[in-house]
Number of protein chains: 2
Amino acid sequence: MSDLLERLRGRGWRMTAQRRVVAEVLDGDHVHLTADEVHSRAVAKLPEISRATVYNTLGELVSLGEVLEVATDKRAKRYDPNAHRPHHHLVCAQCGAIRDVHPTGNPLADLPDSERFGFSVSGVEVTYRGTCPNCAAA
Amino acid sequence: MSDLLERLRGRGWRMTAQRRVVAEVLDGDHVHLTADEVHSRAVAKLPEISRATVYNTLGELVSLGEVLEVATDKRAKRYDPNAHRPHHHLVCAQCGAIRDVHPTGNPLADLPDSERFGFSVSGVEVTYRGTCPNCAAA
DNA sequence: AGCTGGACTTGGACTCGGTCCATTGTAGGA
DNA sequence: TCCTACAATGGACCGAGTCCAAGTCCAGCT
């Protein structure tokens, strides 16, 4: 996990308590937190950390490619620490829970040239929607 | 196109000038408008229409399944009048333009049971990302 | 055609996620 | 250790969307 911190230092990151804390939070459970959730977990470890710093740090991690932004619903962005193994998402329509999934097949290959309209296509996101066992039980 | 209005009347919709205007706007160009764009186009036809009404009407159209909500970026929801033929989206990372595309293959079939984690999966969205010819030229 | 109830619209206040910015603090190289 | 460029702070601000109380007006009934 300090892999992450190592890598960041290697990229010339100035290592601050705040950044360390944010990185730790993301590295903890492999869940998909909203920025606010990251913030409140960070506050638990470092009470004075500010919302703006969390947003800044998340933004930096995203542009360094260490973390993925996931916009499955339109309420809050979520942050996916699992940026290094390609995967897609399965989202509960009720509670918003997200699981990483690894479908077979390559959707990029399923988009013929005739359907690309001159775009240079660089990536694809697949979001499965459904109801999680918890919500189905309720 | 008045198909749409017919269908709505058939479902017990009270037909008001506002709803007619919103439906007309969506039925016009087959582009993917934000709620605000829908509102400003609606205002052009019916100056006193309020933002809240546009939001209400869009919400109703969505829950009737006549229009699709698309959340490709996290800024504003877009509304897709092409709800009756299944399709996916190709989004320009620069300018946000959206095209409907029809890939071959069925991504739902690509998600094995072992990757469903007890969810009942009801649908899938595929978003291709890239750069449109316009933005590539610029 | 005129009435009337209840559905629809209005607009302004409010929420929520996120961004900005001027100020203050500090990591880390010389 | 000192210096300074980079980072953190927090409070104001923004934009998209929601809520709500009051007013409006569609449509079914006579």
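Every chain is numbered from 1 and lettered A, B, ... according to where its sequence line falls, protein lines coming before strand lines. Given the structure is predicted, the values throughout are model-derived calculations rather than measurements.
Across the helix from C:dA1-D:dT30 to C:dA30-D:dT1, the helix axis at one end is tilted relative to the axis at the other end by 20° (nearest 10 degrees, each axis from five pairs).
Here the P atom of nucleotide C:dG29 and the CE atom of A:Met15 are 12 Å apart, to the nearest Å. In this entry the distance linking CG of A:Leu58 with P of C:dG18 reads 9 Å, nearest Å. Whole-Å rounding puts the B:Glu48 CD to D:dG23 C1' distance at 15 Å. When the P atom of C:dG17 is taken as reference, atom CZ of A:Arg78 falls 10 Å away, rounded to whole Å. If you take CD of A:Glu60 and P of D:dA7, they are 6 Å apart, rounded to a whole angstrom. Between A:Arg9 atom CZ and C:dG29 atom P the separation is 11 Å, expressed in whole Å. In this entry the distance linking CZ of B:Arg20 with C1' of C:dT9 reads 15 Å, nearest Å. The CZ atom of B:Arg11 sits 17 Å away from the P atom of D:dA27 (whole-angstrom rounding).
With hydrogens and angles disregarded, a donor-acceptor distance shorter than 3.5 Å links the side chain of A:Arg19 to the backbone of A:Arg14. Within the 3.5 Å criterion, the main-chain N or O of A:Ile49 finds no donor-acceptor partner in the side chain of A:Thr53. In this structure, the side chain of B:Ser122 engages the main chain of A:Arg129 through a donor-acceptor pair within 3.5 Å. At least one donor-acceptor pair under 3.5 Å links the side chain of B:Glu115 to the backbone N or O of A:His102. Between the B:Ser63 side chain and the B:Gly59 main chain, a donor and an acceptor come within less than 3.5 Å of each other.
Minimum atom distance to the side chain of A:Ile49 is reached by D:dT9, of the listed D:dT9, D:dA8, D:dA27. Here D:dG17 is the nucleotide among D:dT9, C:dT9, D:dG17 with the atom lying nearest to any side-chain atom of B:Ala35. When the nucleotides D:dT9, D:dA7, D:dG17 are ranked by their closest atom to the side chain of A:Thr16, D:dA7 comes out on top.
B:Leu90 belongs to a hydrophobic cluster whose remaining members, ordered by chain and number, are A:Leu90, A:Val101, A:Leu108, A:Leu111, A:Phe117, A:Phe119, A:Val121, A:Val124, A:Val126, A:Tyr128, B:Val101, B:Leu108, B:Leu111, B:Phe117, B:Phe119, B:Val121, B:Val124, B:Val126, B:Tyr128; membership requires side-chain heavy atoms of ILVMFWY residues under 4.5 Å apart, directly or through intermediates.
Exactly one of B:Val25, B:Leu26, B:Val54 qualifies for a side-chain contact (heavy atoms from CB on, under 4.5 Å) with B:Arg41. That residue is B:Val25.
Judged as a salt bridge (charged side-chain N to carboxylate O under 4.0 Å, His left out), not a single pair has a partner in residues 82-97 of chain B (not counting sequence neighbours).
In the hydrophobic clustering of ILVMFWY residues, with side-chain heavy atoms under 4.5 Å counting as a link, A:Val70 and A:Val22 come out apart.
Residues from residues 37-46 of chain B lying near DNA chain C, meaning a heavy-atom separation below 4.0 Å, are absent.
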Practice problem: Classify every nucleotide of nucleotides 19-26 of chain C by which part a protein heavy atom approaches to under 4.0 Å, writing B for the base, S for the sugar-phosphate alone and - for neither, in 5'-to-3' order. | Solution: BB-----B
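In this structure, B:Arg19 reaches the C:dT9 phosphate: one of its side-chain N or O atoms is under 4.0 Å from OP1 or OP2. Contact between the side-chain N/O atoms of B:Thr53 and the OP1/OP2 oxygens of C:dT10 is found at a separation under 4.0 Å. Contact annotation: B:Gln18 side-chain N/O to D:dC25 OP1/OP2 distance is not under 4.0 Å.
At most 12 heavy atoms of other shown residues, nucleotides or ligands fall within 6.0 angstrom of atom CG in B:Asn134.
B:His87 is linked by a ring-ring contact (aromatic ring centres under 6.0 Å, His included) to B:His89, counting only residues two or more places apart in sequence or in another chain.
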Quiz item: Run the side-chain contact (heavy atoms from CB on, under 4.5 Å) check on B:Arg78 and B:Val31 step by step: do they pass?
Solution: CA-CA 9 Å; B:Arg78 290 172 179 275; B:Val31 289; over 6 Å; no
